[in-house]
Number of protein chains: 2
Amino acid sequence: MSATSAEPEEQVGLRERKKARMRESLMESALRLFHENGYQRTTTEEIAACAGVSQRTFFRYFGSKEDVVLEAVEDVDEHLFASLADRPADEPPFTALRNAMVDHWEYLRRGPLHLKGSAMGMVADSPELIEVNMRYCHRRQHRLARAVGERTGVDPATDPRPGVLAAVFLSALATGHQAWCASGSHDKERLLGAFLDRLDLVPEVVEGPWSPPVPSPG
Amino acid sequence: MSATSAEPEEQVGLRERKKARMRESLMESALRLFHENGYQRTTTEEIAACAGVSQRTFFRYFGSKEDVVLEAVEDVDEHLFASLADRPADEPPFTALRNAMVDHWEYLRRGPLHLKGSAMGMVADSPELIEVNMRYCHRRQHRLARAVGERTGVDPATDPRPGVLAAVFLSALATGHQAWCASGSHDKERLLGAFLDRLDLVPEVVEGPWSPPVPSPG
DNA sequence: TGTGTTTTGTCAGCCGCTGACGTAATATTC
DNA sequence: GAATATTACGTCAGCGGCTGACAAAACACA
């Protein structure tokens, strides 16, 4: 084909450009098909065909079908980490994480991540993807621990605190996510509310005895 | 309908007995092969052959290869829940969980669960199984939340606290488990130590600012 | 333009997993 | 003890995820 007229300004070369575009194309095809037909009912051959390549090529770009979802989630996480770095330095780690989540949500609300931004919502729609998401939570946790470590000046390799904080934070999020799924709601704002409810509960839940069983009206 | 109460005895019948034995046989074959050759390199056909049945029969007893590991872990969890119920009623929930873990370990130390008891250690040996374990952590979390709910008289369906506590507890355990794997240690006692270290860190990590970065020697 | 490297499609194949169907083992009834 | 219905099992065929190997096409560099 042509394309020889386009002069790449950067040193990255035409090849890597194509690779990046192919990767984006495959991910977009996959996420769209997942959204339309469901994760389970979408085959890797369909994804490849939708992107105009062979199945083998799909597996050269993504290690597995699950990896597509994972990478979308990780791209979204990336911005959460940026939000964390932007929080004032005097905020305690856990508080900073909570507030970064609020900032992050405000960013997602403006929708610059289009399909990827809805990846988490997509996960909610199909129980299979919840497990897929779970499967990778230790990868997310490692990345978050690193971000927490950078913020606090603590090395996650020698100090267990960043890892513990990351794990606790993500597990509380997961609980909120599950409750949101169970409620059948599709309102993204309610999802943030569920997140914050659980996060705010963590200190009280691990500290001392609990207040009376059910303070709700009966 | 037929009169199934021909025999009022609690005799479950030969058939169900055989089913139970077959199930045990398959699980034992699987766990032993996993232990010897690794999870990945053990095929479901080998498991079936080891138990003297066809592959199809294996899949009639277990929904997936992963399920075998999951059920082993759940069997072990079962006793953790019992230990939790035995803790004094005046212990706060998180403390009770922590201490139940210690009791539970003492039980495992006596080795009545033989192969199943080593399932968690097996998980440590193969990175693939860590992901398998992760995949099911929300199932474990639900069961633990129920146990916590029973102990505290709180309904997990309406009060989010049991779910949050269960999630935080298990995620802290997972962190300890990962650290233990990373250290390359195969000493089970060190694993318990890693668990307790992380659990004891949780309150301090979510509460306020952190103490100086790294108090350890350089 | 020609040469060496990277990327792709095709093919073959393993493995996890499932539906369908016939058969053997078990339980029930006479 | 024979006839019956019920249940478990083996065999077979097949799908979908995933991988190695090889040849052809696309690209980079000179």
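From a predicted model like this one, the values you see are computed outputs, not experimental measurements. Sequence lines set the chain letters: A, B, ... in the order given, protein chains first and strands last, and positions in each chain run from 1. As a basis for the values below, the full set of heavy atoms in this structure was taken, side chains included, without hydrogen atoms, waters or symmetry mates.
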Mind listing the N/O atom pairs, protein and nucleotides 10-14 of chain D, below 3.5 Å?
| residue | atom | partner | partner atom | Å |
| --- | --- | --- | --- | --- |
| dG10(D) | OP1 | Ser54(B) | N | 3.4 |
| dG10(D) | OP2 | Ser54(B) | N | 3.1 |
| dG10(D) | OP2 | Ser54(B) | OG | 2.8 |
| dG10(D) | OP2 | Thr57(B) | OG1 | 2.1 |
| dG10(D) | N7 | Arg60(B) | NH1 | 3.4 |
| dG10(D) | O6 | Arg60(B) | NH2 | 2.5 |

- Closest-nucleotide ordering on DNA chain C, the 5'-leading residue of Met22(A) and Thr43(B): Met22(A)
- Atom pair distance, as rounded to whole Å: CD in Gln40(B) and P in dG17(D): 17 Å
- Side-chain N or O of Lys18(A) less than 4.0 angstrom from OP1 or OP2 on dC27(D)? yes
- Message: Any carboxylate oxygen within less than 4.0 angstrom of a Lys/Arg side-chain nitrogen, looking at Arg109(A) and Glu106(A)?
- Response: yes
- Query: Between dT6(C) atom C1' and Arg23(A) atom CZ, what is the distance in whole Å?
  - Reply: 17 Å
- Determine: side-chain N/O of Tyr61(A) to OP1/OP2 of dT8(C), distance under 4.0 Å, yes or no. yes
- Item | Partner of Arg139(B) under side-chain contact (heavy atoms from CB on, under 4.5 Å), chosen from Leu144(B), Leu70(B), Val73(B) | Leu70(B)
- Message: Distance check needed: dG17(D) P versus Leu70(A) CG, whole Å only.
- Response: 17 Å
- Query: With respect to the phosphate group of dC18(D), does any side-chain polar atom (N or O) of Lys65(A) fall under 4.0 Å of OP1 or OP2?
  - Reply: no
- Any N/O donor-acceptor pair, Arg15(B) side-chain to dA8(D) base, under 3.5 Å: no
- Value in whole Å for how far the C1' atom of dA26(D) lies from CZ of Arg17(A): 18 Å
- Once you round it to whole Å, what is the distance between P of dC9(D) and CZ of Arg21(B)? 11 Å
- Item | Whole angstrom value for the distance that separates P of dT8(C) from CZ of Phe62(A) | 12 Å
- Task: Give the minimum heavy-atom separation between Arg151(A) and Leu84(A), together with the two atoms involved.
- Result: NH1-O, 3.2 Å
- Item | Phe59(A) CZ - dT10(C) C1' separation (whole Å) | 16 Å
- Less than 4.0 Å between a side-chain N and a carboxylate O, is that true for Asp77(B) and Arg143(B)? no
- Task: Return the value, rounded to whole Å, for the distance between atom NZ of Lys19(A) and atom C1' of dT8(C).
- Result: 12 Å
- Minimal heavy-atom distance between Phe94(B) and Val205(A), with the atoms involved, is CB-O, 4.2 Å
- Item | Lys NZ or Arg CZ of Arg198(B) over Phe169(B) ring: under 6.0 Å, within 45° | no
- Message: Among Asp103(A), Asp200(A), Asp197(A), exactly one meets salt bridge (charged side-chain N to carboxylate O under 4.0 Å, His left out) together with Arg98(A). Which residue is that?
- Response: Asp200(A)
